[in-house]
Structure formats: structure tokens, C-alpha cells
**Q** 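After the C-alpha cells below, expect a handful of questions from me.
Please read all numbers here as calculations on a predicted model, not as lab measurements.
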Amino acid sequence: MVMDAANKLGTYIPHFCYHKKLSIAANCRMCLVEVEKAPKPLPACATPVSAGMIVRSHSEKAVQAQKSVMEFLLINHPLDCPICDQGGECQLQDLAVGYGKGESRYEEDKRVVVPKDAGPLVSMQEMSRCIQCTRCVRFGQEVAGVMELGMIGRGEHSEITAFVGQTVNSEMSGNMIDLCPVGALTSKPFRYSARTWELSRRKSVSPHDGLGANLIVQVKQGKVKRVLPLENESVNECWISDKDRFSYEALDSDQRLTQPMLKQGGEWKEVDWQTALEYVAHGLKNIKHEHGANALASVATPHSTLEELHLLQKLTRAMGSTSVDTRLRQTDFSLDVTPWLGMTITEFGALNRAFVIGSFLRKDHPLLATRLRLAVKGGAKLSMLNATDDDQLMSVANKMIVAPSEWLSALSQVVVAVAKAKDIAAPAGYDGVQASDAATAIAASLLSGENKGIFLGNAAAQHPQAGALHAAAQWIAEQTGAKLGYLTEAANTVGAYIANANAGTAPVFSEAKSAYLLLNAEPELDAHNPQAAVAALKKAEMVVVMSAFKHGMDYADVLLPVSPFSETSGTYVNAEGRAQSFNGTVKPLLETRPAWKVLRVLGNILGLAGFDYDTSEAIRDEVLGAGVTDVTAKLNNVSKAALTASTAGNGYFATGTERIADVPIYFADAIARRSEPLLKTADAAAPKAHLSTALAQQLGVAAGDKVKVTQGSGSAILEAVVDAKLPANAVRVAAAHASTAALGSMFGSITVEKAGEVK
């Protein structure tokens, strides 16, 4: 189009509805240009370029047309620039300076559009400002995959609105705020809290999912006021998820830990850093002396930086222990790989055949799901093996929805189907496996097409048979010419392997230790079995919690306030093996200190060698080497494990009802689960017990009834939901939430019964 040609040449043509990532609407008419031999001006965004065409974008005729359009746009626009949140970064305001008149010929009353409630994140209070560019509508349909906003009415009665009684619930909804060229859609949490010209802008990297979205963190008077996307075409394009955008609200929450604390005689007392660190060092030395070096275990979340994880494992090993791990939700430790995406994010978006195994794709990886959605729209074929049939907001060509205990059996069927389609012998041990129609369709899909990928999601990596699932997926990938990868769980899942912070050979907390060092970890929410985790912590002689937030008061002995991502410098290695370093955007709050500095000083007090760093960059260079940003050479998805066949019915535990545990999008990490705006969304609603139709009938439970779910020594009373798409013997109960933290393992048997009258 003429607009694209002009952009390539660096010629600016004014526009509102055009956006490089959205389809052409040509409804604002602001980009009218003069095309030689055309009788009237034409919209640059919708006029194809042809050889020899002469276009004048700034001729008298073109500028007059643009000024006329601007006059129409401003006829009904309210004159509320002084109080508008968009003031200072408003396209309409900017273009009105160049193309608007000093006075209006329109003297009639301006139209008024009734404000709407779109939920806790996006404000639609000033829809009178809307110029009907439909960017928000097109974003929903084309990128987010769900049309949550639409246009009703005609002529001057046209207005953008949400569906009757509905709010905007997409995990990508905040991007509509960025797209709005006027002040019609604004950020509800940020509204009226600062002017755009008062804000300092600092670059950062998202601490949440494995994509590593690039951010602009905007700061006023030492506080984070807003987070926006920093455009990086090869990582997050120009989008970020709502978790990336709104989680900053937790950074100033009243749950922040701002002073070191010690528990003495059952009472918590605030102390200075020197006292706290000497107490920790003394306690660790005593425990090593009394119980041996391996009595210490260090546990971190993979949301911690590369520098923090490197020093944590260095300190742990210097103390003589090999127990250090970030894989809190993992249950099978037989895998001998360093999991990563297996390709670049750009290549992921260009796939034309994809097979995703064990992933709540949209909620676990919102931006990767967006890339896949666009690929599917372009003709790619997606196949899925999962325990739930969630709406991925894209067409899924083939799917196998079976309980987690049947995943290996389902993959075994795909192995047999691939062997049959290629007319080769199935691997040894697969004689009794019969391929279902769905498995045959998945095999056929993977054997067609060119750019192919097989991906193991969070649930597959956390599965009790993760090693066997990987081996089967690897065989299928080798035979179909597909690449094998992992949709990694957290911002620094890959970095944890690079930092050598995953030394455990069994699930964390499976063996009780005398001392625990917890870095950013909340085991009652982050561990695969919270019951076992809390029991182990309560037995320990010493538990040191290093966190930005107050938690673990019932089992901890020491609380050390360490900086969240906004208050420290560090590095995250994303799913594709890209190391991205960032600086702190604000000063640490009160007595909070960066965790790498705390670990460095603790190493010094303990008298350990090699803990004399001046900067986080020095630690990074020790791990990666100076100037290294691509660590793919250190990553390997190829396992040497032997294939294990499985037929239906020989799952990994006795028959009965089994649990499917998703980690809700806004409860996956410590920062997101404390952000007030995110906690008001539909995705943050309290977990319910989702029962299959068969199970609900068997128990005599209807939707809305209360049921009691029990695992081991813990139980929870939850509202029942009947889901016809769930496997017959399964109940879906979310993990990582306070209301289900008393339950046991994320995978395994679970007892469900109709609750008595709960008062």
C-alpha cells in the first residue's frame, strides 16, 4: 500500500485507523493523498502501489483533504484536553496542531456517548472522545483472538461498546489502551495519577513468563507509575500481556517487606541488616557443624535473575551442599536436557505445523499464543494433547483431550501412527498400542508441511512421567522432521540451568532438610505438593526467606527484604536462549536490598572465597562471558532416555478420580498475585472444582453446588462447575492459590464428595 511505501521512504502521512499490525480499515480518511490521474484524493492505507505511480502526500490538494477530515473529526470531539489522560501522547492532539483550524464552523450541541464499564483494567469512561478508528475492535479479533469490543449504531450514533453485560477479559486487553489514538480507552489503574511529561522512561524486561517481553517502565518520584511495551520485533513485537502491564501495582503494596525481621520467642522483631545476616551466618554454620553440609537446601523460583541464582548456588556449594533447585513444580527428575524453545521466537511464529503437549497455552504463554494464532490464521495447522479443552481462540486442527495419566498412552499412539504412515517398524515395546483416529490425524499433520515444531508445555514438564513424554515427543520429532522445544515456565527458567542452579535429583522438599534458604519462593503456592513443602519447612531448624513480600511467617525464622525486578539490575534468559540484561528502574524501597548484594555479603560473613563483586555485570560475565547475549550453544533438548511405551489404563497411579491442576495466569508468581487490578479480573476469581459430566452425575452434583475435594491430609470446599469437555475421571482444581494450598500434589488421585450444608 502507499502508506507502507511512504514508511519505507521515511515519509510521514498522517493517520489514525492504520496500524502496521492490524488489517486495513480505511475508515478515518486522515491519510488522504493526491494520486496523479485519480479524480479525487485516495486513502494511502488502502491504495495499492503500482509501477510508475506518482503520489503527492503533502501537495495543496492532499493537505486540504486532510484538513477537511480533521475538521469533521473534531466536530463532536469534547474540548477536554486539559483533563484528558492521553494529553501529551495523543495522536489527535498532535495532528490537530498541524491540520486543525483555529476555530470551528460547527455551532450545534456535541454528541455525548454514555460511559461503559469494561472491567478493572481498561477505562471506557470518556467514550465521547472516540473517533471510531476501530483499532481496538480489530486488535481483539485479529491479535487477541476474541472480539470483546464492537461498533453499534450508524452515522453519528455509531459507538464502540462491549457486549451487553460483559467486561473485557482477554489476557491481552491492555494493548487496546496503547492502540487508542485518542483518550477514549485509558488505563484504569494509571488514570489521573501522573502526566506523561512528568514520567521518566526506563527500559526493563518482564519478570513473568518465558518470553522476556521488553518493557518501558515509567517512573515518577521514585515510584513505578506505568509499564508499556518496548517494541522488539523479534521478541514481543509491540505487545505485552496484561500480566506484564499491570503487575507493577504490587510493587507498592502493603504486603511489601521493607525491613529485615527475626523471629524470637515466637515474636517477629525488626532488626538491622548486620544483625540479620550475622544471625543467618551463625545459624548456617551451626547446622553444618551439627548435621553435615548437606543439611542445607536452597530453593529459588525461576523468576529470580541469573546473577541471584548464580550466587545462590555458589554459596550453597561453598557451604558443602549440592541441594539447590528452581524446579519447584517438577516431579520427574530423570530428564538429562536443558529445556528451551528449540528455535527463535520469530521462527516459532512462522511455523506451519505445531503439536503442543500439556499446556494451558493462552494463560501460560499469552504472547507465544498470539504468534501461534497469527500463524494458524495464515494456514498453519495446530494439534494439541492436553487434559482440558480450553478455548485457545484459534482453530485447533486435531486434539486429544485425555487425563494426565493417559498422556503417555496418547503419545504412544502418535508414535505408532507415525511409524505406520512412514511404513517403518514401530519401536520395540509398542506392539500392543493401537493408534486412535485423533493420533493418526496428528501424525498425518506432522508428516505434511515444512516448518514443524513439537512443544512440551508447563504441565508436560511438571508431569510425573516428564522424561517418558519427552522421549516419545523426541522420537516423533525426529521421524517427522520437526524441531522439539519447551514452552518454558518462567522469565529465567533457561537461565537457572545456565547458572547451574538446578542440582536436585528429586522433587524439592521430598527429603526434609535442617536449613532452607528460600529466594523469592513461596512453597505453599509454588511447590507441586504444598502439603509436603510446608511440612518440611516446619520441621526445619532454620528457614531464611529472601523475598520482596511478607510471607511464610508461620515457618520462617528470618525475613530478608530483597528487591523485585524494578529495584535491581540483572539478567533473564528467555525461552529462545536470549540473555537480556536490565537496570533497576527505581531505588530499593526503604531497607530493601538487591538479592545479589545480600548473597554477596552473606558469602563474605561466612568467610567464603569468590564473593567480592562490585556490580551485577561482573557476576553476569562470570556466568555467560563478557558480551554474550545468545546462550543457545549451551542448551540441548536432545535426551538419551530410552522410549517407554504405554497403553491405555496403565497410568502412573491407581484408578480413581485424578486431579488436573492449572496455575492461574495471575497466580504464577509473587508479583502478579499481589497486583490489585489483576486480582479483580475474571482470571483471578477463586478456583472452582471443574467436574466432568459423568463424575457430576455420579456424585449427584449440579453446577453451583459445593463440593469437598481432599488430597492427603488437606481438603478444600469449592464451588462445582460441570465441564462436558473434561475427561470422565478427572477434576480440575487450580494450584498456586491460597484456597487450594492445603491440597497435595498437582498430579495424582483426588477425592471429591458433595459437601454438606456449608455455613
Side-chain angles (χ1 to χ4, degrees), residues 119-122 168-178 187-191 193 199 202-220 223-230 235-236 239-257 301-305 362-367 489-493 520-522 525-526 547-551 562-568 570 572 574 580 582 584-586 588-589 592 663-685 736-738:
L121 304 180
V122 181
V168 174
N169 294 321
S170 160
E171 61 280 358
M172 299 284 289
S173 66
N175 292 294
M176 295 176 181
I177 299 165
D178 295 342
S187 163
K188 227 176 212 180
F190 172 72
R191 261 166 80 78
S193 66
L199 300 169
R202 282 122 198 217
K203 294 178 183 178
S204 192
V205 178
S206 163
H208 302 297
D209 60 43
L211 188 97
N214 291 197
L215 310 176
I216 296 171
V217 177
Q218 299 192 330
V219 175
K220 179 185 175 186
K223 289 196 184 305
V224 176
K225 285 292 182 183
R226 186 164 61 165
V227 173
L228 298 175
L230 175 62
V235 180
N236 55 306
W239 316 123
I240 51 174
S241 68
D242 288 355
K243 180 157 65 169
D244 298 332
R245 184 182 299 270
F246 295 109
S247 66
Y248 74 87
E249 284 281 312
L251 300 174
D252 289 310
S253 84
D254 54 7
Q255 295 180 50
R256 277 296 298 269
L257 177 64
T301 67
H303 300 278
S304 310
T305 66
R362 253 180 72 201
K363 304 301 180 184
D364 289 348
H365 312 283
L367 286 157
E489 179 184 13
N492 211 23
T493 299
N520 297 321
E522 298 178 68
L525 300 174
D526 293 332
S547 174
F549 302 99
K550 284 181 188 171
H551 64 84
V562 298
S563 301
F565 82 104
S566 57
E567 297 168 20
T568 182
Y572 291 132
N574 73 355
Q580 301 186 108
F582 55 92
T585 51
V586 291
L589 190 63
T592 306
V663 176
I665 181 169
Y666 300 137
F667 291 95
D669 63 82
I671 298 176
R673 60 174 78 113
R674 289 175 173 84
S675 167
E676 283 297 324
L678 293 179
L679 293 179
K680 292 174 185 167
T681 61
D683 275 322
H737 192 279

**Q** Rounded to the nearest 0.5 Å, how far apart are CZ of Arg674 and CD of Gln255?
**A**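 The distance works out to 5.0 Å.
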**Q** Compare all side-chain heavy atoms of Pro229 with those of Asp178 and state whether any distance is below 4.5 angstrom.
**A**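 Yes, their side chains come closer than 4.5 Å.
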**Q** Could you tell me whether the side chain of Leu121 reaches within less than 4.5 Å of the side chain of Val168, counting heavy atoms only?
**A**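 They are not in side-chain contact.
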**Q** Verify, without hydrogens or angle tests, whether Ser675 (side chain) and Phe246 (backbone) share a donor-acceptor contact under 3.5 angstrom.
**A**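 Checking the backbone N and O of Phe246 against the side chain of Ser675, a donor-acceptor pair under 3.5 Å is found.
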**Q** So how far is it from Leu589 CG to Leu251 CG, rounded to the nearest 0.5 Å?
**A**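 The CG atom of Leu589 sits 9.5 Å away from the CG atom of Leu251.
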**Q** Just verifying a value: how many Å separate Glu171 CD and Ile665 CD1, rounded to the nearest 0.5 Å?
**A**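 It is 5.5 Å, given to the nearest 0.5 Å.
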**Q** For a quick test of reading the model, state the closest non-hydrogen atom pair linking Pro120 to Pro189 and the distance between them.
**A**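 Here Pro120 and Pro189 meet closest at O-CD, 4.0 Å.
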**Q** What pair of heavy atoms forms the shortest contact from Lys220 to Ser193, and how long is it?
**A**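 The answer is NZ-O, 3.8 Å.
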**Q** Backbone N or O of Thr681 within a donor-acceptor pair of the Asn169 side chain at under 3.5 Å?
**A**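 No.
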**Q** Answer whether the closest heavy-atom distance between the side chains of Val122 and Ile177 falls below 4.5 Å.
**A**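 Answer yes - side chains close enough.
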**Q** Using the rule given for side-chain contact (heavy atoms from CB on, under 4.5 Å), can you reason through Asn492 versus Ser304, listing the C-alpha separation, both sets of side-chain angles and the distance that settles it, and then say yes or no?
**A** CA-CA 7 Å; Asn492 211 23; Ser304 310; 5.8 Å; no
**Q** Heavy atoms, side chains only, cut-off 4.5 Å: are Gln580 and Asn214 in contact?
**A**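 Side chain of Gln580 against side chain of Asn214, heavy atoms only: contact under 4.5 Å found.
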**Q** Could you walk me through whether Asn574 and Leu211 pass side-chain contact (heavy atoms from CB on, under 4.5 Å), step by step?
**A** CA-CA 5 Å; Asn574 73 355; Leu211 188 97; 5.6 Å; no
**Q** To the nearest 0.5 Å, how far apart are NZ in Lys363 and CZ in Phe667?
**A**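 Atom-to-atom, Lys363:NZ and Phe667:CZ are 13.0 Å apart.
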**Q** Could you please spell out the steps behind the side-chain contact (heavy atoms from CB on, under 4.5 Å) verdict for Asp526 and His303?
**A** CA-CA 11 Å; Asp526 293 332; His303 300 278; over 6 Å; no
**Q** Would you check, one step at a time, whether the test side-chain contact (heavy atoms from CB on, under 4.5 Å) holds for Tyr248 with Phe190?
**A** CA-CA 11 Å; Tyr248 74 87; Phe190 172 72; 4.1 Å; yes
**Q** Among Val205, Leu228, Asn236, Leu215, whose side-chain contact (heavy atoms from CB on, under 4.5 Å) with Asp244 holds?
**A**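 By the side-chain contact (heavy atoms from CB on, under 4.5 Å) criterion, Asp244 pairs with just one of Val205, Leu228, Asn236, Leu215: Leu215.
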**Q** Treating Lys188 as the side-chain partner and Gly119 as the backbone partner, does any N or O pair qualify as donor plus acceptor under 3.5 Å?
**A**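 Yes: the side chain of Lys188 pairs with the backbone of Gly119.
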**Q** Is the shortest heavy-atom distance from the side chain of Ile671 to the side chain of Phe549 under 4.5 Å?
**A**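 They are in side-chain contact.
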**Q** Report the distance from atom CD1 of Ile216 to atom CZ of Arg226, rounding to the nearest 0.5 Å.
**A**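 Going from CD1 on Ile216 over to CZ on Arg226, the span is 9.5 Å.
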**Q** CG of Asp242 to CE of Met172: how many Å apart, nearest 0.5 Å?
**A**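 Atom-to-atom, Asp242:CG and Met172:CE are 8.0 Å apart.
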**Q** Heavy atoms, side chains only, cut-off 4.5 Å: are Trp239 and Leu367 in contact?
**A**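 In contact.
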**Q** Mind listing the closest non-hydrogen atom pair of Pro207 and Phe565 along with its distance?
**A**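 Smallest interatomic distance, heavy atoms only, reads CG-CD2, 3.5 Å.
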**Q** Mind listing the closest non-hydrogen atom pair of Leu257 and Ser547 along with its distance?
**A**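 Reported closest heavy-atom pair: CD2-O, 3.7 Å.
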**Q** Write down the atom of Ser206, the atom of Ala491, and the distance for their closest heavy-atom approach.
**A**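 Ser206 and Ala491 have their closest heavy atoms at O-CB, 3.7 Å.
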**Q** Give a yes or no on whether Lys550 atom NZ has more than 12 heavy-atom contacts from other residues, nucleotides or ligands under 6.0 Å away.
**A**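 Open: at most 12 neighbouring heavy atoms sit under 6.0 Å from NZ of Lys550.
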**Q** Decide, yes or no, whether a salt bridge links Arg256 with Glu567 under the criterion of side-chain N to carboxylate O below 4.0 Å.
**A**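 Yes.
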**Q** Quick check: closest heavy atoms across Arg673 and Ala670, and the distance to 0.1 Å?
**A**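 Residues Arg673 and Ala670, closest heavy atoms: CG-O, 3.5 Å.
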**Q** Between Asp683 and Lys243, is there a salt bridge with N-O shorter than 4.0 Å?
**A**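 Salt bridge between Lys243 and Asp683, a charged N being under 4.0 Å from a carboxylate O: no.
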**Q** Is the shortest side-chain heavy-atom distance between Thr493 and Tyr572 below 4.5 Å?
**A**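 SC-SC contact between Thr493 and Tyr572 ruled out.
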